[in-house]
Amino acid sequence: MYPLDQCKKEITAELQKVVAKYHNNEEIRVEIPPEGMGDFAFPCFSFAPLLKKSPMEIAKEIAANIPKNKWITTVEAKAGYVNFFIDTTCLTTATLQSILEKKDTYGYLPKKKKKVIIEHTSANPNGPLHVGRARNPIIGDTLVRIFKAAGYDVESQFYLDDMGKQVAILAWGVNNIDHRHIPASENKKADHQNVGFYQIANERMESDETVAQQIGDIVKKLEHGDHKTIEMIHASYAPVLDGIKQSLLRINIHIDTYVQESTFVYDKSVERIIKELKQTPHCHEQDDAFYLDMEPFGIQGRNTKFFFLRKDGTTLYATRDIAYHQWKAHHADMLVNVLGEDHKLESKQVRVALELLQTKILPQVVFYAFVSLPGGKMSTRRGRVVYLDELIDECIERAYEEVKKRRASELTESQMKKIAELVGIGSLRYNIIKVQPEKDIMFKWEDALNFEGNAVPFIQYAHARACSILGKTKTKDHKFEAAVLTHASEAALIKQLARFPLIIDDACNNCKPHTVANYLYETASAFNQFYRDCPVLSEENKVLRSSRLTLVEATKIVLHTALDLLGITAPEEM
RNA sequence: GGGCGUGUGGCCUAGCCUGGAUAAGGCACCGGCCUUCUAAGUCGGUAACCGCGGGUUCGAAUCCCGCCACGUCCGCCA
């Protein structure tokens, strides 16, 4: 157990003892008070009507009955709250020891021996990833990292749509359109080179009945397990998928498993699901097609019919998704999906179906709002997009200009290039992850590429500063004396470091990756204040100097680990 | 028409789940700090009736109801 957990637990236990005589049956919940009023606080308002005393009197009474111990130094009653001041020396010792001992696993929680499958990205392989979709891999990969840190065994999955119309359109294009009719793309990656086939094929499909027919035929053949067709599809999108993987790799994202949708048609699991769904009382037939009535499950609107079988006997995307989820449920203890908000209804329909089929494990879904452009929504079909690759390039280029402006006289060209890469990629990931997924975001270059204030360079810079200090000393193992780290900036920084394990726990339990970004910003900020107030290398008092060095080392470790949770590299210098 | 989500200083964001002590940051703007570990830093200032209206409560940005605006969905598409 980490120091702050232990401390909180003791305070809660002491409160429990005192409050027991008020016949309180609510759970004791301590909160974090505003600046200067201690480390933990307990509000007494709810006892007032019960005891017919003022909250202030009750707070005084409770405060007087809390014994001091190793953790609790001062207990005071103020404005109806019992405020606890914890022993800084004790917290400092325990926290720094914990960090030095666990190093880059400080903050990690005990192994839970549970497997979680996190599905994210799952983009149609018909073109390059664009900025709207970019939120998906970044949220997904960050969750993967957070769940691992929280002690889970994690597998990331990309659900690959190789049966749908989108990929059939691309395949038709690749096989029927002369490449000279495809508008040239500046980017040489295969996903950029091939997206034109999809766009042109899409136009042709809309204007030409025969083309639409041919594409429909491809989809039908896929459903009926025509091997030649499925091979043709795989061959058509393979280069595009490869390009997508390369883009993901550029932003430090690797996906463990790519699961083909066709798997569930060919292994007959979709067939089995249809049979089972037909036997549920909510299944109805209409013109030889089958649907579940969603009305009893809280779904309202113009149409509450969830069709899972067409009249021609073929299945639908959502039907196959049910099979995929059942398969996942067999292979994991917990499921997490990252989906765009346009999938909310489909996701709910799949959930209801899974419940009807008595599937043991249901997915926890993180929905994100689309990233829009100042003029409106992005669309691959209409070519109205900012591609992820363009954004990556622009971020790195802009970061390079910044490095050059500041460090050109001190660093070599290759050093600057390397730093620009880390800062550029980091900026991209940080800017997307720092905002709650459900919040709409409008994409503006000036915001995405702003390198000041609450942005990744601020954090990376703090890390580089820590490295710089540590690099200027010869001694490696730092001894520390907690009692000398008494400056307010030191105490604030240590408390911040102590909070890290709680942040991981919270971010994982609530699937809120943005809280890690907030924590990082606060930690870097606390370090910058310490940096201003407490000279390290020039400190003459040997014990204080070495204790501060230890604190710098500890901060460096935490910043590094927390950045890693966001898939961002911590540079040694910048 | 209905469902779901979002609405916090000029702009952007945290806090909302689990109600609590002066609503916390960033950008922009104004004014300080580089003979001291990288100023991508730091200190101070101006700026918010927390979308609007009700309700619950000792107490509401937070919970409940209604309304408005924006996003998204309501296909035998994916």
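Residue numbers start from 1 in every chain, and the chains themselves are labelled A, B, ... in the order their sequence lines are given, proteins ahead of strands. Just so it is clear, the structure is predicted and the values come from calculations on it, not from any experiment.
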As an exercise, state the distance from CZ of A/Phe307 to CG of A/Leu316, rounded to the nearest 0.5 Å.
9.5 Å

Tell me whether the OP1 or OP2 atom of B/U38 has a side-chain N or O from A/Ser468 closer than 4.0 Å.
yes

Give none if B/C70 has no partner; otherwise give the nucleotide forming a Watson-Crick or G-U wobble pair with it, both distances under 3.5 Å.
B/G5

Around atom CD of A/Gln213, are there more than 12 heavy atoms of other residues, nucleotides or ligands at under 6.0 Å?
no

Between the side chains of A/Ser468 and A/Lys472, does any donor sit under 3.5 Å from an acceptor?
yes

How would you label the contact of A/Cys534 with the nucleic acid (heavy atoms, under 4.0 Å): base, sugar-phosphate, or nothing?
base

Separation of B/C16 atom P from A/Asn518 atom CG, nearest Å, is 11 Å

A/Ser122 vs A/Leu160 side-chain heavy atoms within contact, under 4.5 Å:
no

For B/C29, what is the paired nucleotide under Watson-Crick or G-U wobble rules, both distances under 3.5 Å?
B/G45

Of the candidate nucleotides B/C17, B/U38, B/G5, which contains the atom at the shortest distance from the side chain of A/Tyr461?
B/U38

Indicate whether OP1 or OP2 belonging to B/A14 is found under 4.0 Å from a side-chain N or O atom of A/Lys439.
yes

Please confirm whether any donor atom in the side chain of A/Asn83 sits under 3.5 Å from an acceptor in the base of B/A21, or the reverse.
yes

Let me know the distance between CG of A/Leu551 and P of B/C37, rounded to the nearest Å.
19 Å

Counting the atoms with a prime plus P, OP1 and OP2 as sugar-phosphate, which does A/Glu573 contact under 4.0 Å by heavy atoms, base, sugar-phosphate, or nothing?
base

Which is true for A/Ala462 with a 4.0 Å heavy-atom rule: it touches a base, it touches only sugar-phosphate, or it touches nothing?
nothing

May I ask you to say what A/Val552 touches in the nucleic acid, namely base, sugar-phosphate or nothing, with a heavy-atom cut-off under 4.0 Å?
nothing

Separation of the C1' atoms in B/C63 and B/C74, to the nearest angstrom
29 Å

How many whole angstroms separate atom CD of A/Gln436 from atom C1' of B/C16?
9 Å

Between A/Lys404 (NZ) and B/U38 (P), how many Å, whole number?
24 Å

Using a heavy-atom cut-off of under 4.0 Å over every strand shown, decide if A/Arg406 touches base, sugar-phosphate, or nothing.
base

Are a donor atom and an acceptor atom from the side chains of A/Gln157 and A/Tyr324 found within less than 3.5 Å of each other?
yes

For nucleotides B/G19 and B/U36, find the distance between their C1' atoms and express it as a whole number of Å.
48 Å

Nearest whole angstrom, please: distance from the P of B/G25 to the CD of A/Gln529.
10 Å

Does a donor on one side chain and an acceptor on the other come within less than 3.5 Å for A/Tyr198 and A/Gln166?
yes

B/A61 and B/U18: how far apart are their C1' atoms, nearest whole angstrom?
15 Å

Can a side chain N or O of A/Tyr531 be found less than 4.0 Å away from OP1 or OP2 on B/A39?
yes

B/G19 phosphate, OP1 or OP2: any side-chain N/O from A/Arg29 under 4.0 angstrom?
no

Both A/Gly298 and A/Ile469 contact RNA chain B. Which one's nearest nucleotide lies toward the 5' end?
A/Gly298

B/G51 and B/G32: how far apart are their C1' atoms, nearest whole angstrom?
38 Å

For the side chain of A/Pro34, counting heavy atoms from C-beta on, which of B/A14, B/U22, B/C70 is nearest?
B/U22

Using atom C1' of each nucleotide, how far apart are B/C29 and B/C16 to the nearest Å?
31 Å

Between C1' on B/A24 and OH on A/Tyr521, what's the gap in Å once rounded to a whole number?
11 Å

Considering only the P atoms, how many Å lie between B/U42 and B/A28, rounded to the nearest integer?
13 Å

Paired with B/A60 by Watson-Crick or G-U wobble geometry, both distances under 3.5 Å: which nucleotide is it?
none

Taking the P atom of each, how far is B/G1 from B/C67, in whole Å?
11 Å

Out of B/G15, B/U6, B/C27, whichever nucleotide has its closest atom nearest the side chain of A/Asn450:
B/C27

With heavy atoms under 4.0 Å as the rule, sort A/Pro55 into base, sugar-phosphate or nothing.
nothing

Count the heavy atoms of every other residue, nucleotide or ligand shown that sit under 6.0 Å from CD of A/Glu206, and state whether that count exceeds 12.
yes

I'd like to know if the side chain of A/Asp287 reaches the main chain of A/Ala289, judged simply by a donor and an acceptor atom lying under 3.5 Å from each other, with no hydrogens or angles considered.
no

Of the listed B/A40, B/G41, B/A21, the closest approach to the A/Phe458 side chain comes from B/G41

Determine the Euclidean distance between corresponding C1' atoms of B/C49 and B/A23; express it in Å to zero decimal places.
13 Å

Using a 4.0 Å heavy-atom cut-off to protein, can you give one letter per nucleotide of nucleotides 72-78 of chain B, 5' to 3': B if the base is in contact, S if only the sugar-phosphate is, - if neither?
SSBSBSB

Tell me the interatomic distance from A/Asn528, atom CG, to B/C37, atom C1', rounded to whole angstroms.
13 Å

Is the NZ atom of A/Lys404 crowded by more than 12 outside heavy atoms at less than 6.0 Å?
no

Could you check whether A/Ala455 gets within reach of a base, just the sugar-phosphate, or nothing at all, counting any heavy atom under 4.0 Å?
nothing

Under a 3.5 Å threshold, yes or no: a donor from one side chain and an acceptor from the other, between A/Gln415 and A/Glu573?
yes

What integer distance in Å separates A/Phe45:CZ from B/U56:P?
21 Å

Residue mapping more 5' on RNA chain B - nearest nucleotide basis, A/Ala369 or A/Gly453
A/Gly453

Are any side-chain N or O atoms of A/Thr319 and backbone N or O atoms of A/Thr315, one a donor and one an acceptor, separated by less than 3.5 Å?
no

For B/C4, does the glycosidic angle fall within 90° of 0 (syn) or outside that (anti)?
anti

